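One structure is given below, encoded as structure tokens.
Heavy atoms only: backbone and side chains are in, while hydrogens, waters and symmetry mates are out. Keep in mind that what you see is a predicted model, and the values were worked out from it rather than measured.
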Amino acid sequence: MSAILHTPRLTISKFTVADAPFILELVNTPTWIRFIGDRNIHTLTEAEAYVLNGPMASYEKHGFGLYRVALTITGQPIGMCGILKRNTLDMPDIGYALLPAYEGKGYAYEAAWAVMDHAFNELGLPQVAAITDPSNQRSIALLEKLGMTYSKMITSGDRELMLFIKDARTYR
């Protein structure tokens, strides 16, 4: 597995279908279901399809996507973080999720900062958005720590979400 990014504690790399067992675990955690939504992924076959049709298809189409976040020392996958291009947003957005055992340890910030740096400096994106549930206080705090600015409320499906934006000109 070739890493695309490294931080002091994390290795960030592209997902492969071999990551299906990890995906199956991650997308069924209570925080994922509460704040991101139930993806109805309940088998390894469905998890493989998610990887193929989600992250891997995005790498091919956009040159970026959601990435596997793992502890550098052990190689243990702990979450995902990356850039998505949704049809419902005018610009790419950052997304992230961690297994509950790894929340609150600074890993999400570390991974998100590396991904934002990559988005602006390597991919040359002029802006990056983020969306989050208004009740997800940890995510809101992380987006603010990343220097993102609240823009407005948006509707996605049947959910009202907060939209944050970071402009490359104000990066760093």
Leu142 side chain near Tyr96 side chain, heavy-atom distance below 4.5 Å:
yes
With a 4.5 Å cut-off on side-chain heavy atoms, are Ser58 and Leu84 touching?
no
Could you tell me if Lys85 sits above the aromatic ring of Phe64, with its cationic atom closer than 6.0 Å to the ring centre and no more than 45 degrees from the axis?
no
Any side-chain heavy atom of Met153 within less than 4.5 Å of one from Pro134?
yes
Where Asn40 and Glu46 come nearest, the two heavy atoms and their spacing:
O-OE1, 3.5 Å
In this structure, CE of Met56 is separated from CG of Leu66 (nearest 0.5 Å) by 13.5 Å
Euclidean distance, Ile94 CD1 relative to Lys166 NZ, rounded to 0.5 Å
11.5 Å
Hey, is the main chain of Ile41 close enough, under 3.5 Å, to the side chain of Asn28 for a donor-acceptor pair?
yes
Just checking, is any N or O donor in the side chain of Ser156 or Thr88 under 3.5 Å from an acceptor N or O on the other one?
no
Check each of Arg39, Glu48, Met80, Arg68 against Ile23 using the side-chain contact (heavy atoms from CB on, under 4.5 Å) test, and report the only one that passes.
Met80
Run Val128 and Ile165 through side chain to side chain contact (heavy atoms under 4.5 Å, CB included) and show every step you take.
CA-CA 6 Å; Val128 172; Ile165 297 174; over 6 Å; no
Under 3.5 Å: donor-acceptor pair, side chain of Tyr50, backbone of Pro55
no
Heavy-atom side-chain contact between Ile36 and Asp133 under 4.5 Å:
no
Would you say the side chains of Tyr107 and Thr7 form a donor-acceptor pair under 3.5 Å?
no
When rounded to the nearest 0.5 angstrom, what is the spacing between CG in Leu89 and CG in Leu163?
6.5 Å
Pairwise distance OG1(Thr11) to CD1(Ile73) - rounded to 0.5 angstrom:
10.0 Å
Check: Ile140 and Glu144 side chains under 4.5 Å, non-hydrogen atoms:
yes
Check whether any side-chain heavy atom of Thr31 lies under 4.5 Å from a side-chain heavy atom of Glu103, and answer yes or no.
yes
Can you name the nearest heavy-atom pair linking Arg159 to Arg34, along with the distance?
NH2-O, 3.9 Å
Can a donor-acceptor pair be found, under 3.5 Å and without considering hydrogens, that links the side chain of Asn136 to the backbone of Ser139?
yes
